[in-house]
Amino acid sequence: MQIQFNDLTPELFLEKYWQKQPLIIKNAFKDFTDPIDANELAGLAMEEFIESRIVSSHNDRWDVKHGPFEDFSEFGDANWTLLVQAVNNWFAGVNQLIEPFTFIPNWRIDDVMVSFSTPGGGVGPHLDQYDVFIIQGEGKRRWRVGNPDASLQQLLPHEDLKQVSEFEAVIDEITEPGDLLYIPPNHPHDGVAIDHSVNYSVGFQAPNPQELISGLADYLIDNQLLEDRFDDSQRKTTSAPNILADDDVTLLQQVMHSAINDKHILQDFLGKQMTQVHHTLNLLVPTEELTWPVIESIFSEGETLQPVLGLKCLLINENDHQAMYANGEAFALDEDTLALAQKLTSKHPLTSDDLESSSDCLKNTQLLTSLINKGLWTFE
Ligand code: SIN
Ligand code: CO
């Protein structure tokens, strides 16, 4: 699946629109067919380990109910939306919707949320902190998007529903199957279904300094790193002991910088942090540990090895640091395992042909055996 960008290219899109202004591309995906139907989505919303909610509005009264749901009949025929998070972790066709956006690196992408709306359904005008591409599947929806506006009022029509006051729209369009809407962070938007409508939201993640610094602190503690204490062996006497002097602040700042300036620490921390998932994965851990001869025989039967749906994995390939990260874990690499890790992290299915050179090397077979036994890569 490819985006029909018309006169744009991915480069121009990043330059002109990404994180700057919203965009609608009509017919971005020709002959779009929904990779999931309303019944399948409702089935997911019945599961305890899947995050889902129903937002409804009747006579201007907003309500939010959280899944798992047993029955949808109480919601009636109109004015509600079912939203299910990380559907790409469960449906391969939904996971494939990420592919057209891989001109942006994988670590930025979070998940694909799917919504099913009845006529009039929507979550009301609101802001999101993250970029999102919304693909229109089945049905039609009226989408309005505005520019950031500090005068918008924050509203809380229900304790679980943040909205904003009415905004001036710079995009006001009816989306049809295959249309694509891009909304940058903090741009007010509102989608109201015209008929039964399915929307796919490819959402991004953008860590803030709070998350990065607290994550780094946890990482240092877990790995017992940089435990050396503050050193002021060159101290001179002070006549103002009540002052926190600028020189001391600089020394303390250097202590903090020592963690951030250590590239190896930072790469390892970020590799782990950025491959952590925010929603349950369908990890298929073998009931009994598989040994390499067993794995090899499965390959020789023609089976292909695939990453579990929604798996986050990355490669760091610098001269002085080569490692693969998957689901928050590091796997050390070297010259011998790098080619295999390239294939694995590009997420292409692996067949016995791909393994021909790899399987001669013990380190490669150990890497694969470990990934398979953790349930991160599985046979189809
Ligand atoms: C949706 O209703 O499909 C998306 C909701 C949103 O705008 O975040
Ligand atoms: Co939104």
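First listed ligand is number 1; within each ligand, the first listed atom is number 1.
- Phe299 and Phe379 have perpendicular rings, their planes meeting at more than 60° on a 0 to 90° scale where under 30° would count as parallel.
- When atom types are taken as modelled, the side chain of Asp179 and the backbone of Gln136 share no donor-acceptor pair closer than 3.5 angstrom.
- The N, O or S atom of His126 with the smallest distance to the Co ion (ligand 2) is NE2.
- Side-chain rings of Phe133 and Tyr200 stay apart, their centers remaining 6.0 Å or farther from each other.
- For Asp128, the N, O or S atom with the smallest separation from the Co ion (ligand 2) is OD2.
- Closest non-hydrogen pair, Trp377 versus Ala326, comes out as CZ3-CB, 4.2 Å.
- Counting only distance, with no hydrogens or angles, the side chain of Ser197 and the backbone of Ala193 share no donor-acceptor pair below 3.5 Å.
- Panel note: side chain Lys343, backbone Asp354; a donor-acceptor pair is recorded below 3.5 Å.
- When each of Val164, Asp128, Asp149 is paired with Pro188, the side chain to side chain contact (heavy atoms under 4.5 Å, CB included) condition holds for Val164 and for no other.
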For ligand 1, find each of its N or O atoms that sits under 3.5 Å from a protein N or O atom, and tabulate the pairs with distances to one decimal place.
unit_1	atom_1	unit_2	atom_2	d
ligand 1	2 (O)	Arg141	NH1	3.1
ligand 1	2 (O)	Arg141	NH2	3.1
ligand 1	3 (O)	Ser115	OG	2.6
ligand 1	3 (O)	Arg141	NH1	3.1
ligand 1	7 (O)	His126	NE2	3.2
ligand 1	7 (O)	His189	NE2	3.1
ligand 1	8 (O)	His126	NE2	3.2
ligand 1	8 (O)	Asp128	OD2	3.4

